[in-house]
Novice: 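I'd like to ask you about the structure that follows.
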Number of protein chains: 2
Amino acid sequence: MQKEPQTVFIEYLNKNGLNITPQRRAIVETFLETEGHFTAEQLASYVRERTPEIGMSTVYRTLKLLVDSGVADCLDLGNKVDLYEHAYGHTHHDHLVCTKCGKKVEFTCECLERQQGVFAARHGYELTRHRVVLYGICSECQEKGIPTA
Amino acid sequence: MQKEPQTVFIEYLNKNGLNITPQRRAIVETFLETEGHFTAEQLASYVRERTPEIGMSTVYRTLKLLVDSGVADCLDLGNKVDLYEHAYGHTHHDHLVCTKCGKKVEFTCECLERQQGVFAARHGYELTRHRVVLYGICSECQEKGIPTA
DNA sequence: TTCTATGCAAAATGTTTGCAATCAC
DNA sequence: GTGATTGCAAACATTTTGCATAGAA
């Protein structure tokens, strides 16, 4: 049986002598209610729908705690914007991104998972993580048919 | 027999009604003399060693032309900084980055090259490109032995 | 001469930080 | 009370843009 993500976060706060504040509560709750991939800015606007008086720095700072506690993952899909997604209880996956509409699909590449260690070892690297992003055009955007420039 | 990269760039300029200026000349030459991965800022400082009066915007604008012409590649290795490398006459490769010292190794993952089309097709995507970055700690940094926090 | 390019300074972007006031425990 | 937290504004780093001047063809 697995812990609730909230619990994981609370325990992380306790363990590190950090306080549980209304802002942090609102941010985690909103974070967990929001599926998919979103920016800090988007999350902030969702949080403000219920708790209007939250500053961006608090959102950024709390997101950092969420990542450290293992509840959130921070993705860099190559847009210069950090995206966040649920991490706790989710298995590792990579992303396929539509370059027209931005739609994202998750997938797992078993072969890369297997192979990456081989490359790393070959060059004497101790692997910590990887990032695989495939870029393409999704079927809907292909139909809309703006030809690929 | 292959064209020289300079030639490719000059032809690109001509074809698009763009001028050949001393600045563009200095930037391409320096770009081609510089091996590896470097930022726009670094390239600018190399160019200025011989041609001191070059503005950053010109460097950025010219790098964009170099990428468009196929002479340069622009990489995003997850540092929020664009890195540039030689593209013309080089085959596609991915990168293995040391998270301590930043050292980069290039490799090719045949299996991903083969597999990526399968994933894309499965989700109805028409693939355009991919980005694979493996992060780890290189052998030298392992020896220096600052334990992985 | 005509259209493109340059360099500067200012804007834009997304994120981080300093700090005084405030809150959790 | 004491130390952690907040919100603001300012700082940041990187890249882009507007514009008047200068340059290529």
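Below, chains carry the letters A, B, ... as their sequence lines are ordered, and counting in each starts from 1.
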Novice: Between L134(A) and L83(A), is there a shared hydrophobic cluster once you connect ILVMFWY residues whose side-chain heavy atoms come closer than 4.5 Å?
Specialist: no
Novice: Rounded to whole Å, how long is the line connecting atom CG of D76(B) with atom C1' of dT15(D)?
Specialist: 13 Å
Novice: How many Å lie between CD1 on I54(A) and P on dG7(D), as a whole number?
Specialist: 6 Å
Novice: Which comes earlier along DNA chain C counting from the 5' end, the contact point of R61(B) or that of K80(B), where each point is its nearest nucleotide?
Specialist: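 Nearest-nucleotide comparison on DNA chain C picks R61(B).
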Novice: Membership question, hydrophobic clusters at under 4.5 Å side-chain separation (ILVMFWY): are I54(A) and I20(A) in the same one?
Specialist: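 Same cluster: I20(A) reaches I54(A) through Ile, Leu, Val, Met, Phe, Trp or Tyr contacts under 4.5 Å.
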Novice: What is the distance, rounded to the nearest whole Å, between atom CD of E53(B) and atom C1' of dT21(D)?
Specialist: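 Rounded to whole Å, this separation is 16 Å.
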Novice: Give the rounded distance in Å between these two atoms: OH of Y12(B) and P of dT4(C).
Specialist: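 Rounded to the whole Å, the gap is 14 Å.
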Novice: Below 4.0 angstrom, N of the basic side chain to O of the carboxylate: do E11(B) and K3(B) qualify?
Specialist: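 So E11(B) pairs with K3(B) through a salt bridge.
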Novice: According to a 4.5 Å side-chain heavy-atom criterion applied to Ile, Leu, Val, Met, Phe, Trp and Tyr, with indirect links allowed, do Y135(B) and V105(B) form part of one hydrophobic cluster?
Specialist: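 In one cluster: no.
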Novice: According to the interplanar angle, ranging from 0 to 90°, do the rings of H123(A) and Y125(A) count as parallel (below 30°), tilted (30 to 60°) or perpendicular (above 60°)?
Specialist: perpendicular
Novice: At under 4.0 Å, does any side-chain N or O of K64(A) touch on OP1 or OP2 of dT16(C)?
Specialist: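 For K64(A), the contact criterion (side-chain N or O under 4.0 Å from OP1 or OP2 of dT16(C)) is met.
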Novice: Verify side chain to side chain donor-acceptor pair (under 3.5 Å) between E85(B) and H93(B), making sure each step is shown before the conclusion.
Specialist: CA-CA 11 Å; E85(B) 65 176 9; H93(B) 55 260; 3.1 Å; yes
Novice: Measure all distances between protein nitrogen or oxygen atoms and nitrogen or oxygen atoms of nucleotides 21-25 of chain C, and list the pairs falling under 3.5 Å.
Specialist:
from, atom 1, to, atom 2, distance (Å)
dA24(C), O3', I20(A), O, 3.4
dC25(C), OP1, I20(A), N, 3.4

Novice: Please state how far atom CG in N79(B) lies from atom P in dG14(C), giving the value in whole angstrom units.
Specialist: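 Rounded to whole Å, this separation is 18 Å.
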Novice: Any side-chain N or O of Q23(B) less than 4.0 Å from the OP1 or OP2 oxygen of dG7(C)?
Specialist: yes
Novice: Going by the angle between their ring planes, with limits at 30° and 60°, are H86(A) and F31(A) parallel, tilted or perpendicular?
Specialist: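 Rings of H86(A) and F31(A): tilted, 30 to 60°.
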Novice: How many Å lie between NZ on K15(A) and P on dA4(D), as a whole number?
Specialist: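 That distance rounds to 18 Å.
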Novice: Please name all residues satisfying side chain to side chain donor-acceptor pair (under 3.5 Å) with K80(A), sequence neighbours left out, ordered by chain then number.
Specialist: D82(B)
Novice: Just compare dC8(D), dT15(C), dT6(D) and give me whichever is closest to any side-chain atom of V81(A).
Specialist: dT15(C)
Novice: Could you identify which residues of residues 37-44 of chain A place a heavy atom less than 4.0 Å from some atom of DNA chain C, listed by residue number, or say none?
Specialist: none
Novice: Atom CG of L75(B) to atom C1' of dT14(D): distance rounded to whole Å?
Specialist: 16 Å
Novice: Report yes if at least one side-chain N or O of R24(B) is closer than 4.0 Å to OP1 or OP2 of dT4(C); otherwise report no.
Specialist: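 The answer is no; no side-chain N or O of R24(B) sits under 4.0 Å from OP1 or OP2.
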Novice: Between M56(A) (CE) and dG18(C) (P), how many Å, whole number?
Specialist: 18 Å
Novice: At under 4.0 Å, does any side-chain N or O of Y60(A) touch on OP1 or OP2 of dT16(C)?
Specialist: no
Novice: Begin from the C-alpha positions of D73(B) and H90(B) and carry the test side chain to side chain donor-acceptor pair (under 3.5 Å) through to its verdict.
Specialist: CA-CA 10 Å; D73(B) 248 359; H90(B) 293 240; over 6 Å; no
Novice: Less than 4.0 angstrom between a side-chain N/O of S57(A) and OP1 or OP2 of dG7(D), yes or no?
Specialist: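 So the side chain of S57(A) is outside the cut-off, no N or O lying under 4.0 Å from OP1 or OP2 of dG7(D).
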Novice: With no hydrogens and no angle check, is any side-chain donor or acceptor of R48(B) less than 3.5 Å from a backbone partner on E53(B)?
Specialist: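 No; zero donor-acceptor contacts below 3.5 Å.
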